[in-house]
Amino acid sequence: MITQRIGQIAKIHSIFLSLIATIALASNSPSNTQQIDNFLSHVKAELAAKGYRVELNTGNFGPLITERSCMNPLAIKLTTEPLQQQRNTVELRCESNEPWRLYLNVEIHLYDQVVAAARNIPRNTRITPADLMTQEHIINKSHYTSYREIDAIVGMVAKQTLREGAIVQPRQLSAPELVKRGDRVVIVADNGRVAIKMNGVALEDGRKGEQISIKNLSSSRIVKGYVSEMGVVNVVL
């Protein structure tokens with residue numbers, strides 16, 4: 001009887017110690033709010049390291065998130081790439097003996113310096129540095145791509161009128177014509193080992209990388225080649 005009594009006391013003591021350990025573990029673990037804040041701070045730091053200015057807004061955490069308990073650290077992730085859109089969702093997942101999953105809405109605004117029109121640029125105008133400027137803009141506000149460097153646009157041709165202050169987009173530009181029909185050109189014939197230069201005449205207009213027909217003035221032979229630079233067409237032997 002005494003032995004049984006001692007065994008019961010030992011069992012109760014063991015449960016009591018286990019409960020104390022559990023309470024201590026829970027008290028030392030960061031709260032759900034702290035874990036979410038730490039995660040978002042990490043996201044912000046990573047984006048800032050890529051050169052973006054970042055603004056995060058989660059609103060107020062509801063009791064469903066702040067009061068929900070989990071014995072293990074939460075598994076937290078964004079459900080969408082921040083560069084794709086401003087409105088995002090944080091997934092909170094508890095992976096313990098009583099698992100649960102919740103979602104938190106978050107807005108992530110990414111600002112960057114992008115190239116814009118410094119003045120009205122008429123259609124078919126070849127763009128110069130004076131036509132452009134940089135300004136801060138939310139880059140994940142739309143799905144349109146933009147430019148970060150002015151040099152990437154200089155020399156391109158506006159396919160449509162660009163209004164002052166408008167963000168310049170690739171779809172609004174085209175490569176300039178480097179060769180006009182009837183122009184005298186240099187034909188560079190190259191087989192990887194030897195390059196031969198000949199005079200020719202362009203039979204078509206051509207932009208960089210486009211294939212056009214040219215006439216070799218020495219042989220009167222018509223060949224096709226790729227425009228590589230102003231007045232130069234490359235032919236593969």
Side-chain angles (χ1 to χ4, degrees), residues 46-47 49-53 81-85 110-237:
E46 281 194 336
L47 293 169
K50 295 178 181 179
Y52 304 115
R53 184 169 71 83
E81 167 59 47
L83 282 169
Q84 295 178 1
Q85 61 186 49
L110 298 182
Y111 294 84
D112 195 10
Q113 293 292 323
V114 298
V115 181
R119 55 192 178 195
N120 289 341
I121 304 175
R123 182 173 176 265
N124 293 328
T125 299
R126 190 160 182 169
I127 297 173
T128 68
D131 295 320
L132 305 170
M133 63 180 180
T134 58
Q135 63 183 30
E136 191 177 61
H137 185 69
I138 301 178
I139 63 167
N140 61 343
K141 188 175 183 178
S142 68
H143 294 294
Y144 296 120
T145 55
S146 54
Y147 294 92
R148 299 176 80 174
E149 302 292 337
I150 287 178
D151 289 345
I153 302 176
V154 172
M156 302 288 278
V157 176
K159 294 167 64 176
Q160 62 189 70
T161 298
L162 305 178
R163 301 298 178 188
E164 181 179 349
I167 305 302
V168 181
Q169 302 166 17
R171 63 186 180 86
Q172 299 170 324
L173 307 175
S174 64
E177 289 183 343
L178 299 180
V179 173
K180 293 279 190 181
R181 182 179 180 181
D183 283 353
R184 289 290 188 100
V185 297
V186 175
I187 303 172
V188 179
D190 190 353
N191 64 1
R193 298 186 301 274
V194 179
I196 303 172
K197 295 184 178 181
M198 299 161 282
N199 293 322
V201 175
L203 302 180
E204 300 174 89
D205 298 340
R207 294 181 171 86
K208 186 172 183 177
E210 288 185 338
Q211 187 181 56
I212 63 171
S213 297
I214 61 267
K215 182 178 181 179
N216 186 330
L217 291 179
S218 299
S219 63
S220 296
R221 182 185 174 192
I222 296 175
V223 295
K224 288 188 176 292
Y226 293 91
V227 179
S228 59
E229 56 185 283
M230 183 73 73
V232 179
V233 179
N234 286 75
V235 176
V236 179
L237 293 175

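Count residues from 1 along the sequence.
- Between Met198 and Ala189, the closest heavy-atom pair is CE-CB, 3.7 Å.
- Atoms OH and CG, on Tyr147 and Leu173 in that order, are 4.5 Å from each other to the nearest 0.5 Å.
- The main-chain N or O of Leu110 is found under 3.5 Å from a side-chain atom of Asn140 such that the two form a donor-acceptor pair.
- At a threshold of 4.5 Å between non-hydrogen side-chain atoms, the residues His137 and Ser146 do not count as touching.
- Remark: side-chain polar atoms of Glu204 are paired, donor with acceptor, to backbone N or O of Ser213 under 3.5 angstrom.
- For the atom pair Asp112 CG and Leu47 CG, the distance stands at 11.5 Å (nearest 0.5 Å).
- Residue Leu132 forms a side-chain contact (heavy atoms from CB on, under 4.5 Å) with just one option from Leu162, Asp151, Val168, and that option is Val168.
- Asn199 places no side-chain N or O within donor-acceptor distance of the main-chain N or O of Leu217, the cut-off being under 3.5 Å.
- With a 4.5 Å cut-off on side-chain heavy atoms, Val188 and Ser228 do not count as touching.
- Scanning both residues, Pro176 and Gly155, for their nearest heavy atoms gives CG-O, 3.2 Å.
- Side chains of Val227 and Ile212 form a contact here, defined as non-hydrogen atoms less than 4.5 Å apart.
- Closest approach of Asn191 to Val194, counting heavy atoms only: OD1-N, 2.7 Å.
- Between Asn216 and Ser218 the shortest heavy-atom distance is OD1-N, 2.8 Å.
- Contact record, Ala116 with Gly165: CB-O, 3.9 Å, taken as the closest heavy-atom pair.
- Contact record, Ile214 with Ala202: CG2-CA, 3.8 Å, taken as the closest heavy-atom pair.
- With a 6.0 Å radius and a threshold of 12 heavy atoms from other residues, nucleotides or ligands, Lys224 has its NZ atom above the threshold.
- Residues Lys197 and Ile187 fail the side-chain proximity criterion, which asks for heavy atoms closer than 4.5 Å.
- Judged by distance alone, the side chain of Asn120 and the main-chain N or O of Glu164 form a donor-acceptor pair under 3.5 Å.
- Note that CD of Glu177 is 10.0 Å distant from CG of Asp183, once rounded to the nearest 0.5 Å.
- Counting only heavy atoms from C-beta outward, the side chains of Thr145 and Arg171 never approach each other to under 4.5 Å.
- Taking a 6.0 Å sphere around OH of Tyr111, one finds it holds more than 12 heavy atoms contributed by other residues, nucleotides or ligands.
- In terms of modelled atom types and a separation under 3.5 Å, the side chain of Asp205 and the main chain of Arg181 share a donor-acceptor contact.
- Looking at heavy atoms from C-beta onward, Val115 lies out of side-chain contact with Glu149 at the 4.5 angstrom threshold.
- Between atom CG of residue Asp131 and atom CE of residue Met156 there is a gap of 13.5 Å, rounded to the nearest 0.5 Å.
- A distance of 6.5 Å separates CZ of Arg148 from CD1 of Ile139, quoted to the nearest 0.5 Å.
- The CD1 atom of Ile121 lies 7.5 Å from the OG1 atom of Thr128; values are rounded to the nearest 0.5 Å.
- Under a 3.5 Å cut-off, the side chain of Arg123 and the backbone N or O of Lys159 do form a donor-acceptor pair.
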